[in-house]
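Have a look at the structure below, then the notes.
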Amino acid sequence: MFLQDAEGPPTLCDLCLAQVCQSLSSLCSMRADGSMSLIWAPVFPQETADQLLNHMAAKEILNDTTVGIFRSCKELRLRRASIQSCPLSAEAFRLALCPHRLLELDASWVSGGLTGADIVSGLASNPECRSSLQRLSLSGLRLDWESLEANGGIHVGFSSLRGLRMLNLANTDLNDAALEDICNLPHLETLDISCSAISKLTALLECKNTLRSLIAHRQRHLDMSPAQLLFVFSQLHALKHLDFSEDHFSVDDSDGRDGDETVRQLLEGSPQVLPSLVSLDISGRKRISEAAIRSFVESRSGLVFLGLLATGVSSCDFFSTQKSLKVTGEADENQVCEALRRYRDRECFIREALVHLYSLTTDTDKPQPDVLKLVVSGMQRHPTSLQIHLVATACVFNLTTQDLAQAMPISLLSSTVTQLLNTMKNFPNHQQVQKNCLLALCSDYILQEVPFDKYLAAMLVINWLSSHEDPTLQRMAVAVISILVAKLSTEEMAQFSKDIFIMKQLLAIVQQKAMVGVVDSTLKFALSALWNLTDEMPVAARNFIECRGLELYEEVLECMFPLMLFPFQKVLGLLNNIAEVEELQADLMEEDILEHILSLLQDSQVDVGVRYFAGGILAHLASRPDAWTLENELRSTVLKQLHDSIMTWTHLEREMVSYRSFHPFCPLLQTCQPAGVQLWAVWAIHLVCTQNTSHYSSMLEKEGLTELLKALAAHPSTHSDIKGLSDSVLSMVEQHQIHAGAFNNQTAPQRS
């Protein structure tokens, strides 16, 4: 049984659109103004044109240059357009989007100098758009009518877009005059004026018979008494949804008092005020009583949602009997998750909900992928909010710790880890945030099985490690690095290994532990990371030597030799990596080092894994007699002991070593090499082929080592021990080829 991602694989349409986005430069020519134009395009299905625009926006490639492809209104017909957060100028917007007969436009938080006035005047310049546009979101923009007029533009108000039914002007400089203009729209049903500069809501009376939803969160500039506000609300006969919530974090006891009093009077007042209300959001409001909430809900049977986060009354026992009523609050996980779903763009409420979620999930033992998804969404929506990321990263740890991660969809874990890495980049100097991210990353399952940018993660963790010495966190950081380094591609490893700073950090940890004679998991992880870092990476091996790593490892061998629990295999594995690099072999030609290594090779009490790597170092050094600078007698001893020792080694079931390639073995398998050198190389190949025949048989064939083994087995002077192992390896390769051929024949399509 396997866990299938809840979201499923991407659709064929998504894959095709992603390919188009990736290939835009080759599919387009450039106009004189620097914008792109498709060289050729069929007439896209209308929905596909919308999806292409949305894909480009989501991938952050929609800008003045690329948006030019949508000037082709016949081939790419837009109806529901989203340019949210994209850097577009007024001219690019006018040329590319305004000619389309749009039904919806989301231009929230666009950058590049585009203002609300530019958008409205541009849309109104298209007679079709004046009547067709039904939904418009300009959240986060400056409306800036004054600049438009100063530059010779004509002030065209919102009321010119006669088809508008939904208008979102949250977080804008909307003022009373503009609101009066908006309320003249004949079909206006939904209006969001949150966090705006409105002082009077009286203009809403002009659309009292059409307005079904009013969102007026955090109205700081309102200058109306509770009685006046309540009168306006009472006249909105079509209103079904009212959001009059407040940011409780930024309000002191004196601010928002009129708003709080208005809410109190609404709750305690006549059932004839807003009798058809379906949802009411008063989160963040103060001085609300449970009795008033109960009375309000009981008198409005159609109510399906009540926002009560940060009001202190969401734990009212009355709600347990209201099964059809959704509530945002902090009483239980359902209320908290409802808050995370509904308040995605409100930092104050996301922060509050996450604080309560952290408490609710501290001891959780149940996988909750839906909850994790909400947490990650909150982090993505508020990338610069320290308070949100501080609590959210702690929630991520709670939701993925122990075995919980293994029950999550891989795609969700991948996006979660990617977000953690973004958080580490955005808050590099905040210790607790970094600690939370590290705690969440320190999971074998996540590090081994989940796809994410391993190179970026390794760089972020190593940078963090350089400025922190907490033993527990140091252990985790080094553990993460040791696993990540082994997961890097050859290209990434080459880039990573160039940084001498990384080598210094890891060697400092080894030295720190060696000085006090401590053999703990931190030391083992650091040794593993160094070993992996130098694997077929001459630059890293050179950095190791330049950072005096050889001297340190010699001290380690001397000091730790009596301790049989010391991880000699990791030390010798790295020295073996250095011995594979011909130009660095001279650095190992020191009698003291070789005497230590030779003694490990000869000691029958030492683990075979340790003796194996000791043999590898000696085999590589002894394979080049012209480069041997020590006594010839020592070389003769090394060669004899290699053969004698290897023939006593028992076969290993556990995987002890893995190889990126067999290239370092090629010089050792030449027929002119001494028997001890040849035997070690053939024994090593035989070991890994036995443990993973399929992978290493293919590698032997691809890299040409089967021919070397055949030549070795056929040569008259080759020792019988070597011939036997060579024949065994060649037999395994042959059997693998037979099985692979049989499998291909079985799975090949049959011709009729």
Side-chain angles (χ1 to χ4, degrees), residues 107-109 115-117 119-120 135-148 155-161 164-185 188-248 250-251 254-263 265-266 274 280-285 307 343 345-349:
S108 303
W109 302 99
T115 67
I119 291 172
V120 173
R135 301 173 66 85
L136 176 62
S137 178
L138 303 180
S139 177
L141 298 190
R142 288 178 60 245
L143 299 182
D144 204 14
W145 300 108
E146 296 79 8
S147 294
L148 181 69
H155 185 138
V156 179
F158 287 99
S159 59
S160 62
L161 302 173
L164 274 182
R165 294 179 180 273
M166 188 285 289
L167 182 58
N168 180 357
L169 295 171
N171 301 289
T172 68
D173 53 346
L174 177 70
N175 56 31
D176 293 342
L179 180 61
E180 290 180 11
D181 176 55
I182 289 166
C183 291
N184 287 317
L185 288 166
L188 186 65
E189 296 178 353
T190 300
L191 179 62
D192 189 342
I193 55 173
S194 301
C195 305
S196 64
I198 297 294
S199 66
K200 304 289 184 184
L201 295 182
T202 313
L204 295 175
L205 297 175
E206 295 298 320
C207 53
K208 64 181 180 180
N209 294 320
T210 62
L211 192 64
R212 296 168 56 84
S213 177
L214 174 64
I215 305 166
H217 167 71
R218 195 181 177 190
Q219 289 300 300
R220 286 298 160 72
H221 300 279
L222 274 184
D223 184 19
M224 298 177 72
S225 68
Q228 291 171 323
L229 281 169
L230 204 58
F231 173 75
V232 172
F233 289 155
S234 69
Q235 297 301 303
L236 302 179
H237 304 307
L239 201 66
K240 299 279 187 182
H241 309 275
L242 174 60
D243 181 345
F244 199 54
S245 55
E246 181 55 272
D247 179 352
H248 59 299
S250 57
V251 178
S254 59
D255 285 342
R257 184 167 292 173
D258 286 344
D260 291 343
E261 178 60 22
T262 302
V263 169
Q265 291 184 22
L266 173 63
L274 302 178
L280 174 66
D281 199 332
I282 51 175
S283 290
R285 291 295 178 183
Y343 302 138
D345 295 321
R346 295 184 184 172
E347 180 181 348
C348 59
F349 292 159

Next on the checklist: As a quick check of understanding, evaluate side chain to side chain contact (heavy atoms under 4.5 Å, CB included) for Ile182 and Leu174, giving each step before the final call.
Outcome noted: CA-CA 10 Å; Ile182 289 166; Leu174 177 70; 3.8 Å; yes
Would you say [X]'s side chain and [Y]'s backbone share a donor-acceptor pair under 3.5 angstrom?
X: Asp176; Y: Ser199; answer: yes
X: Asp260; Y: Thr262; answer: no
X: Ser196; Y: Thr172; answer: no

Taking the side chain as C-beta and beyond, is there a heavy-atom pair between [X] and [Y] under 4.5 Å?
X: Asp243; Y: Leu280; value: no
X: Cys207; Y: Leu185; value: no
X: Glu261; Y: Val263; value: no
X: Leu229; Y: Ser225; value: no
X: Leu188; Y: Phe158; value: no
X: Leu169; Y: Asp192; value: no

Supply the atom-to-atom distance [X] [atom1] to [Y] [atom2], rounded to the nearest 0.5 angstrom.
X: Asn209; Y: Leu239; atom1: CG; atom2: CG; value: 12.0 Å
X: Ile193; Y: Leu204; atom1: CD1; atom2: CG; value: 6.0 Å
X: Gln235; Y: Leu230; atom1: CD; atom2: CG; value: 10.5 Å
X: Leu164; Y: Leu136; atom1: CG; atom2: CG; value: 6.0 Å
X: Leu214; Y: Phe244; atom1: CG; atom2: CZ; value: 9.0 Å
X: Glu180; Y: Ser159; atom1: CD; atom2: OG; value: 11.5 Å

Checklist entry - Under 3.5 Å, is there a donor-acceptor pair linking the side chains of Ser137 and Ser108? => result yes
Locate the shortest heavy-atom distance separating [X] from [Y]; write the atom from each residue and the value.
X: Asp258; Y: Pro226; result: O-CG, 3.7 Å
X: Ser194; Y: Ile215; result: OG-CG2, 3.4 Å
X: Met224; Y: Thr202; result: CE-OG1, 3.9 Å
X: Gln219; Y: Ile198; result: OE1-CB, 3.7 Å
X: Gly307; Y: Asp281; result: CA-OD1, 3.5 Å
X: Cys348; Y: Asp247; result: CB-OD1, 3.1 Å

Next on the checklist: Less than 4.0 angstrom from a charged side-chain N to a carboxylate O is my criterion; do Arg135 and Glu189 meet it?
Outcome noted: no
Next on the checklist: Can you confirm whether Arg212 is buried at CZ, in the sense that more than 12 heavy atoms of other residues, nucleotides or ligands lie under 6.0 Å from that atom?
Outcome noted: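 Counting other residues, nucleotides and ligands, CZ of Arg212 stays at 12 neighbours or fewer.
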Next on the checklist: For His217 and Tyr343, I'd like to know if the aromatic rings sit close, meaning centre-to-centre distance below 6.0 Å.
Outcome noted: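 His217 vs Tyr343: aromatic centres not under 6.0 Å.
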Next on the checklist: Could you walk me through whether Lys200 and Val232 satisfy the side chain to side chain contact (heavy atoms under 4.5 Å, CB included) test, starting with their C-alpha distance in whole Å, then the side-chain angles of each, then the deciding distance to 0.1 Å, before giving a yes or no?
Outcome noted: CA-CA 10 Å; Lys200 304 289 184 184; Val232 172; over 6 Å; no
Next on the checklist: Would Leu242 and Leu266 count as a side chain to side chain contact (heavy atoms under 4.5 Å, CB included) here? Give the steps.
Outcome noted: CA-CA 12 Å; Leu242 174 60; Leu266 173 63; 4.2 Å; yes
Checklist entry - Among Arg285, Arg218, Arg346, whose side-chain hydrogen bond (donor to acceptor under 3.5 Å, both in side chains) with Ser245 holds? => result Arg346
Next on the checklist: Using side chain to side chain contact (heavy atoms under 4.5 Å, CB included), reason through Trp109 and Asp345 one step at a time and then give a plain yes or no.
Outcome noted: CA-CA 12 Å; Trp109 302 99; Asp345 295 321; over 6 Å; no
Checklist entry - In this structure, which one of Leu143, Val120, Leu138, Asp144 forms a side-chain contact (heavy atoms from CB on, under 4.5 Å) with Thr115? => result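 With Thr115 as partner, Leu143, Val120, Leu138, Asp144 yield a single side-chain contact (heavy atoms from CB on, under 4.5 Å), made by Asp144.
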